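Small disclaimer: the values here were computed from a predicted structure and weren't measured.
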Amino acid sequence: MRGGLVILMLAAAPVAAQGPVFEDQTHTIPEHQYLGGWEHFVGGGVAALDCSGNGLPDLVLAGGEAPTHLWRNHGAMRFEPAPLPLTGVTGVYPLDIDGDGVLDLFVLRVGPNVVLRGLGDCRFEDATEALGIDPGDGWSTAFAAWWEDGADRPTLFVGNYVDRDDPDGPFFACDDNQILRPFGDGWESAPLSPGFCPLSALAARDARDRLTLRLSNDRHYYVRGGSEQMWDIAERRFLDSADGWPDLMLWGMGIASRDITGNGLADVYLTSMADQILQLADADGRYSLAPFSMGHTAHRPFTGDDGRPSTGWHAQWGDVNNNGLADLFVAKGNVDQMPDLAMYDPNNLLIQHPDGHFEEMAHKAGIADPARSRGAALVDLDGDGRLDLVVVNRRAPARVYRNATPQTGNWLAITLRQPQGNTHAVGARVHVQTSASRQWQELSVGGGHAGGQAGPLHFGLGMAEQARVVVDWPDGRQSQYRIDAVSRAITLQPDD
């Protein structure tokens with residue numbers, strides 16, 4: 001299957017052959033830093049969503065002990081600050097919780113979490129109590145959501161870090177996680193344990209092609225007796241070695257999921273202290289470690305003279321040159337002053353080549369910032385079809401980069417909409433086929449580190465000028481579309 005993919009992708013190789021180029025546009029944004037003591041060593045996410053209705057993603061940046069900022073996107077890399085008076089925020093995730101078609105925000109905090117109901121025009125109100133959602137009172141650091149069969153509202157997962165009230169902590173003191181299921185007029189809250197201090201969660205189809213909640217846990221605090229976790233959503237149980245899920249112990253930080261081998265199953269990139277891992281999904285329903293020869297490794301700083309291990313946070317796949325191949329961004333940065341880990345730790349941009357190997361291009365692209373990066377978003381901020389980049393830094397200003405790569409390929413930005421309930425079609429799969437490539441993405445809520453996106457799915461098409469799009473909707477229906485005009489944003493709805 002891999003060989004077939006290589007042959008198909010050769011036609012896209014001339015696109016942006018000289019590599020990606022990003023322009024630092026930080027001067028166009030209000031200053032923002034993620035601040036705080038040890039309770040804000042982790043977190044610092046960014047949410048991207050079009051809350052103003054102008055077709056461009058607005059941004060919400062977690063501030064820790066500093067204020068959380070909402071930036072309204074006016075186009076041409078012009079952002080206007082709007083009030084969002086919340087502190088103690090570690091992360092923010094956009095989704096339509098109440099099914100009214102307007103995006104809401106689930107805000108993770110040190111202390112009670114907050115659900116902000118979207119009112120349109122980037123206005124929000126605290127609706128946590130009104131919706132009947134238990135805010136908890138933990139140190140929340142991970143989030144995911146999914147719609148179960150027949151449900152008109154999402155099931156919510158909240159991952160909690162160290163139990164601050166445990167007198168024997170912080171080590172061996174990971175708090176219970178929380179599952180919130182629609183019940184009556186609100187949500188029923190129940191613990192999900194054991195908890196091993198998750199810093200990222202993702203509800204998506206796994207190597208078995210089953211909807212599974214993956215938790216990336218911080219070994220620093222569970223120390224022994226814990227591991228990464230996979231929880232089967234339908235069977236409501238954790239997987240073990242009998243399911244092909246052996247113990248994997250990481251200082252887990254972030255999750256990024258995308259099919260990069262072309263076998264129809266999503267591969268997974270995991271960030272960590274010291275190890276950044278790529279797991280390849282196979283037809284037997286299992287994961288294997290990708291060989292180093294693929295060039296995906298980011299264990300140490302790739303430039304400078306600091307040879308200590310790296311610390312990875314947010315990871316995200318995205319086709320930055322629109323040649324039909326998913327590239328990978330990894331945000332890096334020391335937790336604070338950990339002496340065994342690199343202090344000069346620039347972010348990574350791993351560009352995928354047609355033969356499946358990756359090449360480090362962050363320094364040439366102009367985004368190798370050595371600040372203590374945390375959350376990030378690869379997202380088209382100016383609507384030109386090229387993925388731009390925003391990065392939140394701890395105790396350093398956030399940065400925004402415009403993708404100015406010349407000679408990029410064609411593209412599609414695909415938005416899904418359906419009536420009532422799961423209005424944004426979370427759980428759908430979108431397949432895009434051209435004369436040169438086949439690729440697909442799953443629409444999910446979670447992953448990355450401490451922040452998510454509720455915008456269109458972006459597909460690079462290389463030189464192709466037509467595409468066939470197939471949507472597998474969450475309820476099992478399938479729709480097919482012929483796209484004769486590319487390099488544009490389209491909105492698709494289920495067939496009647």
Side-chain angles (χ1 to χ4, degrees), residues 5 8 48-50 55 57 94-96 99 101 103 144-154 202-206 209-212 233 257-267 281 317-319 322 324-326 379-380 385 387 409-447 452-462 464-496:
L5 182 67
L8 286 170
L49 72 158
D50 179 12
L95 74 162
D96 183 6
L103 287 168
W146 61 93
W147 270 256
E148 299 190 359
D149 289 345
D152 62 349
R153 290 171 294 159
L202 177 64
R205 293 194 173 274
D206 63 8
D209 202 33
R210 290 177 60 91
L211 187 61
T212 305
I233 287 174
S257 177
R258 187 78 169 255
D259 178 9
I260 62 167
T261 65
N263 68 353
L265 299 169
D267 310 296
W317 299 101
D319 187 351
N322 288 338
L325 297 169
V379 61
D380 184 1
L387 292 176
N410 294 323
W411 53 277
L412 282 174
I414 300 176
T415 296
L416 302 182
R417 290 290 182 271
Q418 57 183 14
Q420 302 177 336
N422 185 5
T423 60
H424 287 62
V426 172
R429 284 190 174 189
V430 179
H431 308 258
V432 175
Q433 180 177 346
T434 71
S435 59
S437 67
R438 297 182 181 92
Q439 52 186 310
W440 65 272
Q441 296 183 54
E442 181 174 357
L443 205 159
S444 58
V445 178
Q453 301 171 30
L457 296 176
H458 176 270
F459 291 87
L461 303 180
E465 297 181 351
Q466 295 179 329
R468 177 174 175 265
V469 176
V470 177
V471 179
D472 295 323
W473 296 94
D475 63 3
R477 287 181 291 174
Q478 186 180 86
S479 301
Q480 300 186 25
Y481 312 84
R482 178 181 173 87
I483 309 300
D484 292 320
V486 297
S487 293
R488 64 189 178 107
I490 60 175
T491 298
L492 303 178
Q493 299 180 354
D495 298 330
D496 293 333

Can you check side chain to side chain contact (heavy atoms under 4.5 Å, CB included) on Gln433 and Arg438, steps first, answer last? CA-CA 4 Å; Gln433 180 177 346; Arg438 297 182 181 92; 3.6 Å; yes

For the residue pair Asp380 and His458, confirm or rule out a side-chain donor-acceptor distance under 3.5 Å. no

Does Gln453 have any side-chain hydrogen bond (donor to acceptor under 3.5 Å, both in side chains) partners at least two apart in sequence or in another chain, and if so, which? Gln316

Side-chain contact, heavy-atom cut-off 4.5 Å: Leu416 with Trp473? yes

Heavy-atom count around Glu465 CD within 6.0 Å, excluding the residue itself: above 12? no

Please name the pair of heavy atoms, one in Ser487 and one in Leu412, separated by the smallest distance, quoted to 0.1 Å. N-CD2, 4.4 Å

Between the side chains of Gln466 and Arg482, does any donor sit under 3.5 Å from an acceptor? yes

Would you mind reporting whether Asp472 and Gln478 have side-chain heavy atoms less than 4.5 Å apart? yes

For Gln420, is the CD atom crowded, meaning more than 12 foreign heavy atoms sit under 6.0 Å from it? no

Work out which heavy atom in Val471 is nearest to a heavy atom in Tyr481; give both atom names and the distance. CG2-CE1, 3.8 Å

Pro474 side chain reached by Val426 side chain, heavy atoms, under 4.5 Å: no

Shortest non-hydrogen pair, Gly99 vs Thr423, comes out as O-CG2, 3.8 Å

Compare all side-chain heavy atoms of Leu461 with those of Val432 and state whether any distance is below 4.5 angstrom. yes

Taking every heavy atom of Ile483 against every heavy atom of Ile490, the minimum-distance pair comes out as CD1-CD1, 3.8 Å

Should Phe459 and Ile414 count as side-chain neighbours, where that means a heavy-atom distance under 4.5 Å? yes

Determine the minimum heavy-atom distance between Ala145 and Pro154, stating which atoms define it. CB-CB, 4.5 Å

Side chains of Arg205 and Arg429 in contact at under 4.5 Å (non-hydrogen atoms): yes

Closest heavy-atom contact between Gln480 and Asp495? N-OD2, 4.4 Å

Would you say Asp484 has more than 12 foreign heavy atoms packed within less than 6.0 Å of its CG? yes

Using only atom types and a distance under 3.5 Å, with no angle test, would you say the side chain of Gln439 pairs donor to acceptor with the backbone of Asp259? no

Is a side-chain donor or acceptor of Asn322 paired with a backbone partner of Gly385 at a separation under 3.5 angstrom? yes

For a quick check under 3.5 Å, do Trp440 and Glu442 share a side-chain donor-acceptor pair by atom type? no

